[in-house]
2 protein chains.
Amino acid sequence: MAEKIKEECNKLLLPVSDALDILSGKWKLPIIFALFLGNHRFRELQREVKGISGKMLSKELKDLEINQLVKRTVFDTSPVTVEYSLTEYGRTLEKLITELHNWGQQHRNIIFR
Amino acid sequence: MAEKIKEECNKLLLPVSDALDILSGKWKLPIIFALFLGNHRFRELQREVKGISGKMLSKELKDLEINQLVKRTVFDTSPVTVEYSLTEYGRTLEKLITELHNWGQQHRNIIFR
DNA sequence: CCGGATCCTCGCAGATACTG
DNA sequence: CAGTATCTGCGAGGATCCGG
């Protein structure tokens, strides 16, 4: 039955990891913040998220799109224009990020005296 | 003043990253869960957290100790015994993890229909 | 038993050049 | 402008050995 409990915990682990994977990494947060701030075009985002390569930005946005957090819209101009924006669902991250912020803030106070 | 807002956001970013760094990575969560479950000895932890190398376990535990989330106690037996346990402060992670779990759980429902 | 030191590899991400 | 393709390095992390 100790086994039982372990299994339960492993099942708890997966959703937590999912949430974490979406937010962790070098670029996810900065990109999400940039989108919150209203940067929408690919170039704009690349300028806003300092240091990111086109390849990375492209990959990360694709990730976010797969997770339905970001919507990608192509305009048939010439040359093409592409806009990214947070979905309604994507905005539900705000609450979670706030929680992380709260804990992180008090952690700083503890660690850096 | 758009500049002002950006700066504000960058300051918001840091504590969030701090919180994230503590929880993200391949091993942090499994180790913390194992500690919650009451595994305390180094060997026990290594058995419980499947696949982790000694080097990694050692490094991760040191990390957690530096962040005051884990307490390390050496018993002067022969050979020496070492026990790790979550500090009171470490247990405050539980609430945060629960939040991540909630979001991650509903995310799974959305993504996997 | 605990965990540091050393060596080695494998994959991620940066730089650059290219296409529609 | 918005991305893709290729090439390359570099460093996280695994395996193993050793010492306290």
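Lettering of chains follows the sequences in order, A, B, ..., and the numbering in each one begins at 1. Computed from heavy atoms alone, side chains included, the values below leave out hydrogens, waters and symmetry copies.
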Undergrad: Partners of Lys26(A) by side chain to side chain contact (heavy atoms under 4.5 Å, CB included), sequence neighbours excluded?
TA: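 Applying side chain to side chain contact (heavy atoms under 4.5 Å, CB included) to Lys26(A) gives none.
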Undergrad: Please enumerate all residues that pass side-chain hydrogen bond (donor to acceptor under 3.5 Å, both in side chains) together with Thr92(A), with sequence neighbours excluded.
TA: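 Testing Thr92(A) for side-chain hydrogen bond (donor to acceptor under 3.5 Å, both in side chains), a comparison that skips the adjacent residues, returns Trp103(B).
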Undergrad: With the threshold set at 4.0 Å, does a side-chain nitrogen-carboxylate oxygen contact exist between Glu60(B) and Lys28(B)?
TA: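 So Glu60(B) pairs with Lys28(B) through a salt bridge.
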Undergrad: Is the shortest side-chain N/O distance from Tyr84(B) to OP1 or OP2 of dC1(C) below 4.0 Å?
TA: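 It does not, given that no N or O in the side chain of Tyr84(B) lies less than 4.0 Å from OP1 or OP2 of dC1(C).
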Undergrad: Does anything in residues 11-56 of chain B form a ring pair (Phe, Tyr, Trp, His ring centres under 6.0 Å)? List the pairs, not counting sequence neighbours.
TA: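 For residues 11-56 of chain B: none.
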Undergrad: Please collect all side chain to side chain donor-acceptor pair (under 3.5 Å) contacts where either partner lies in residues 43-54 of chain B, sequence neighbours excluded, each pair once.
TA: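 Sorted result for residues 43-54 of chain B: Lys6(A)-Glu48(B).
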Undergrad: How long is the gap from CD on Glu94(A) to CG on Leu86(A), to the nearest 0.5 Å?
TA: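 Between atom CD of Glu94(A) and atom CG of Leu86(A) there are 9.5 Å.
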Undergrad: Would you please name every residue forming a side-chain hydrogen bond (donor to acceptor under 3.5 Å, both in side chains) with Thr81(A), sequence neighbours left out?
TA: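 Applying side-chain hydrogen bond (donor to acceptor under 3.5 Å, both in side chains) to Thr81(A) gives Thr77(A).
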Undergrad: Can you give each donor-acceptor pair under 3.5 Å made by side-chain atoms of residues 62-72 of chain A, sequence neighbours left out, with the distance rounded to 0.1 Å?
TA:
residue  : atom : partner   : partner atom : Å
Asn67(A) : OD1  : His107(B) : NE2          : 3.0
Asn67(A) : ND2  : Asp63(A)  : O            : 3.2
Arg72(A) : NE   : Tyr84(A)  : OH           : 3.3

Undergrad: What residues from residues 71-80 of chain A pass a heavy-atom cutoff of under 4.0 Å to DNA chain D?
TA: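 Result for residues 71-80 of chain A: Arg72(A), Pro79(A), Val80(A), sorted by number.
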Undergrad: Quick one: CD1 on Ile32(B) to CZ on Arg91(B), what's the gap to the nearest 0.5 Å?
TA: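 Result: 11.5 Å between the selected atoms.
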Undergrad: Would the distance check show the side chain of Ser58(A) and the main-chain N or O of Gly54(A) forming a donor-acceptor pair, the cut-off being under 3.5 Å?
TA: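 Not confirmed, Ser58(A) side chain does not pair with Gly54(A) backbone.
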Undergrad: Bend angle of the helix from dC1(C)-dG20(D) to dG20(C)-dC1(D) from five-pair axes at both ends, rounded to 10°?
TA: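 Its terminal axes enclose an angle near 40°.
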Undergrad: Short of 4.0 Å, heavy atom to strand atom, which residues of residues 63-70 of chain B count as contacting DNA chain D?
TA: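 Residues of residues 63-70 of chain B that come under 4.0 Å of DNA chain D do not exist, since none gets that close.
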Undergrad: So if I take residues 31-48 of chain A and measure heavy-atom distances to DNA chain C, which residues fall below 4.0 Å?
TA: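 Result for residues 31-48 of chain A: none.
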Undergrad: Side-chain N or O of Ser58(B) versus OP1/OP2 of dG4(C): is the shortest distance under 4.0 Å?
TA: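 So the side-chain polar atoms of Ser58(B) do come within 4.0 Å of the phosphate oxygens OP1 or OP2 of dG4(C), strictly under.
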Undergrad: I need a per-nucleotide contact map over nucleotides 11-18 of chain C, read 5' to 3'. Cutoff is protein heavy atoms under 4.0 Å; write B for the base, S for backbone only, - otherwise.
TA: --BBB---
Undergrad: Check the distance between dC2(C)'s P and Leu61(B)'s CG and give it to me in whole angstrom.
TA: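 Rounded to whole Å, this separation is 11 Å.
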Undergrad: Kindly state each residue pair satisfying side chain to side chain donor-acceptor pair (under 3.5 Å) with at least one member in residues 15-24 of chain B, sequence neighbours excluded.
TA: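 Listed once each, the pairs are Arg108(A)-Asp18(B).
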